Structure formats: structure tokens, C-alpha cells
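In what follows, a structure is listed as C-alpha cells, so that the remarks can point back to it.
One-based numbering, in listed order, for ligands and for the atoms of each. Computed from a predicted model, the values in this text were never measured in an experiment.
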Amino acid sequence: NYAANDSYNRPQNRREKDVADTVRHHYNARPEMGLRNRRFSPIINLKRFNNWIKSVLINKFTPKKDLVLVLDMGCGKGGDLIKWDKVNVDGYVGIDIAEISVNQARRRYQNLDASFDAVFYSGDCFSTPIYKLLPPDQRRFDIVSLQFCMHYAFESEALARQMLENVSSVLPRGGIMVGTIPSSDRISYRASKMAPGTLQFGNAIYHVRFESPPNLSFRPPFGNKYFFYLEDAVSDVPEFVVPFEAFRALAEDYHLEMIWQKSFREIFMEEKNSTEFGPLLERMQVIDKNGNPGINGPEMEAADFYLAFAFEKRGV
Ligand code: SAM
């Protein structure tokens, strides 16, 4: 009885049920905007910028081989399907805890005329072992992608370990894990500058709110909760700090070795004039044809909150 029947997989590990349910309800309730309406989003430039970053990451790290299979954990409404088509993957499996989003992703794929096969499941990738999520013939991938979702796994050590176990068990040696998460360094830096007596930082379009004064060394590295708000995207949803060095060390237990990590700002500065990704900035409307960035001020500050990473499976 895999996630194939689209039933919501009840978490197998101990977890604060409210958080998983809040997250699931939040994303299920977000309307599918469609390309036409997306143009009117107050954070359209930020969305385009984030999409460009994900394209850079996907292009850089998708293995160049004859047959490439991708597992998109936390696939949401299928916002990365076109990016995977552009790098010519052959097969795609998307899983997300929010079953309404999964249905929207499936519909998006059906309307896409993509050149790869895709299947979609609803399930909890961080608390359920992979053999309960995917059928036996769909448990081998060349790349696993975790875009803007892995921070939900850092609620507890058990969830973070299950997430890494799931990733590692579907990758052969040389397989790749890529993702985007909020930067623990940025959170710690910005939180250290919060005005005395306040428990919040951010700007007009995003903010991070703590329930109590945070311990900025983030030790122990799990369960460091904050509430995140991003205009027109995320409304005060609980998230967890991913202390990067702890994540990196934990990943080694699963034979996943970090090969690349950069903040979104660094990626922009390094790649904006590159022959490979510079022209894509204009095509994805992140800059206009005169080279002026569509993203600056508060939106750039919100983008700078994130980093991207790539790990490679070593050993057996
Ligand atoms: N990856 C997509 C993207 O980049 O457009 C969606 C990102 S959205 C910010 C975060 C997604 O993570 C949501 O769709 C949410 O339902 C999903 N998610 C959160 N916890 C999850 C879990 N335990 N298992 C699977 N998906 C999860």
C-alpha cells in the first residue's frame, strides 16, 4: 500500500503532529496561480529570481548520462517540472505531503507535453521510510532534489535522519542530492541584531518571528523553531533552522558528502555574467534587456536569506 493510492501517509516517526498538519494545510490551501496571474504577484521578481537559482543548481548538478531519473521531494505544485525538462531527464517522481498540491503538480505535468515520464505521490518524505512511499521499481534515482522544503525535517533528529536515510537509500555511488534552505548563518546574524525586546526581523515582504529568545548557537541542532512569513507565499508557518555544519556532519553518516554550497547572493554575483547562466537571467525575466536587475532592496534581502547546496553519495 504505497503512496500510489494518494492517501496521506501517516507519519511513522514520533513528530509534533500539529507542525506537519499546519504545513500540509498551509500548502494545500495556497491557490494555483497559473502563469498569467503570477505576473501580478507582489513578489514576482523574487519568484523569478528563485526560479533562476534553482535552474542554475539543476543545470550544474544533474548527472550527464544516458538515462537520468530524478526524485523531487517536497515537489509542491510542480514548479520545477520545466526545469527538469530543460536538462533532459528521462524519468521524474514527485512526492509532497500536501495532496492537493500533488494533484496540481500532476495536472501541470499533463499540460506540459514534457519529454520525460512522471509520477506523483502524496506522502511524508521526512517521517516515512522510502519503501512505504515508493514501489520497488521506483527506488533508484540519479539525483534527489529538496527545494525550499528540507527545513521542515529539522524539527527533530529522527526526522532529519529519516530524510537523509530516504535520500541516501535511493542514490547509487556518485548520485547527487541538491536543495535550497534558509541559511543558518543569515538567521543567526539577523537575529543577533534584533532590537532588544523584539523577537522578529525582516522587512516589508518577509519576516522571521521567534516565540522566545533564540539560542543562536542552535544547539542542539534540531527543533529550533521560528515562524516564517513571505508576502503572497508563506503565512506565518512554523519552520526549523538547519544549522548547516550539523546538517553536513549528519549527512556524512549516510555517505553524503558536501561538494558545493553557496548563498543565493553569491550565486547571483558569480553567475550573472557567465555564458551559461547570464543569458538565462534575461530569458527568465530576472533582469531586463538593459541588464537592470528586477530584484533589489527588500526582495534581494529576502532572497539572501537562502543558500543552495549539492552533496554526492560516496562509498557503497
Ligand atoms: N519544492 C517546491 C518548489 O520549490 O516550488 C515547493 C516548495 S514549498 C515552499 C515547500 C513544500 O514542501 C510544500 O509543498 C510542502 O507541502 C512540502 N513539504 C513540507 N513538509 C514535507 C514532508 N514532510 N514531506 C513532503 N513534502 C513536504
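Salt-bridge formation is detected for the pair E270/K262: a Lys NZ or Arg NE/NH1/NH2 atom is positioned less than 4.0 Å from an Asp or Glu carboxylate oxygen. We find that R108 and D80 are not joined by a salt bridge, their nearest charged nitrogen and carboxylate oxygen being 4.0 Å or further apart. Taking the charged nitrogens against the carboxylate oxygens, E271 and K60 do have a contact shorter than 4.0 Å, which makes a salt bridge.
Taking the ring centroids of Y109 and F116, they lie under the 6.0 Å cut-off. Taking the six-membered ring for Trp and the full ring otherwise, F240 and Y152 have centroids separated by 6.0 Å or more. Here the two rings, on F210 and F227, have centers that are 6.0 Å apart or farther.
Between M73 and ligand 1 there is no heavy-atom distance shorter than 4.0 Å. Look at G79 and you'll find every heavy atom at least 4.0 Å from all atoms of ligand 1.
Taking the side chain to side chain contact (heavy atoms under 4.5 Å, CB included) definition, one finds that S145 meets it with D72, W84, Q147, V178, sequence neighbours left out. Scored by the side chain to side chain contact (heavy atoms under 4.5 Å, CB included) test, Q200 finds H207, R209 as partners (sequence neighbours excluded).
Short contacts between ligand 1 and G76, defined as distances under 4.0 Å to a heavy atom of the residue, involve ligand atoms 6 (C), 14 (O). Atom numbering of ligand 1 starts at 1 in the shown order; those under 4.0 Å from a heavy atom of G123 are 24 (N), 25 (C). The ligand atoms of ligand 1 that sit less than 4.0 angstrom from a heavy atom of V23 are 19 (C). Set against the non-hydrogen atoms of C75, the atoms of ligand 1 under 4.0 Å away are 2 (C). Here is the list of ligand 1 atoms found below 4.0 Å of a heavy atom in K54: 3 (C), 4 (O), 5 (O). Taking a cut-off of under 4.0 Å to the non-hydrogen atoms of Q147, the atoms of ligand 1 that pass are 1 (N), 2 (C), 4 (O), 7 (C).
Closest heavy-atom approach to atom 17 (C) of ligand 1 among the candidates V19, D96, L159: D96. Relative to atom 18 (N) of ligand 1, the option among L81, N28, N166, I97 with the closest non-hydrogen atom is I97. Taking only non-hydrogen atoms, the option from I100, D124, N50 nearest to atom 23 (N) of ligand 1 is D124. Looking at F126, F148, F228, Y121 and measuring to atom 10 (C) of ligand 1, the nearest heavy atom belongs to F148.
Heavy atoms of S101 found under 4.0 angstrom from ligand 1: none, in either backbone or side chain.
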Begin from the C-alpha positions of V93 and Y121 and carry the test side-chain contact (heavy atoms from CB on, under 4.5 Å) through to its verdict.
CA-CA 8 Å; V93 173; Y121 301 116; 3.9 Å; yes
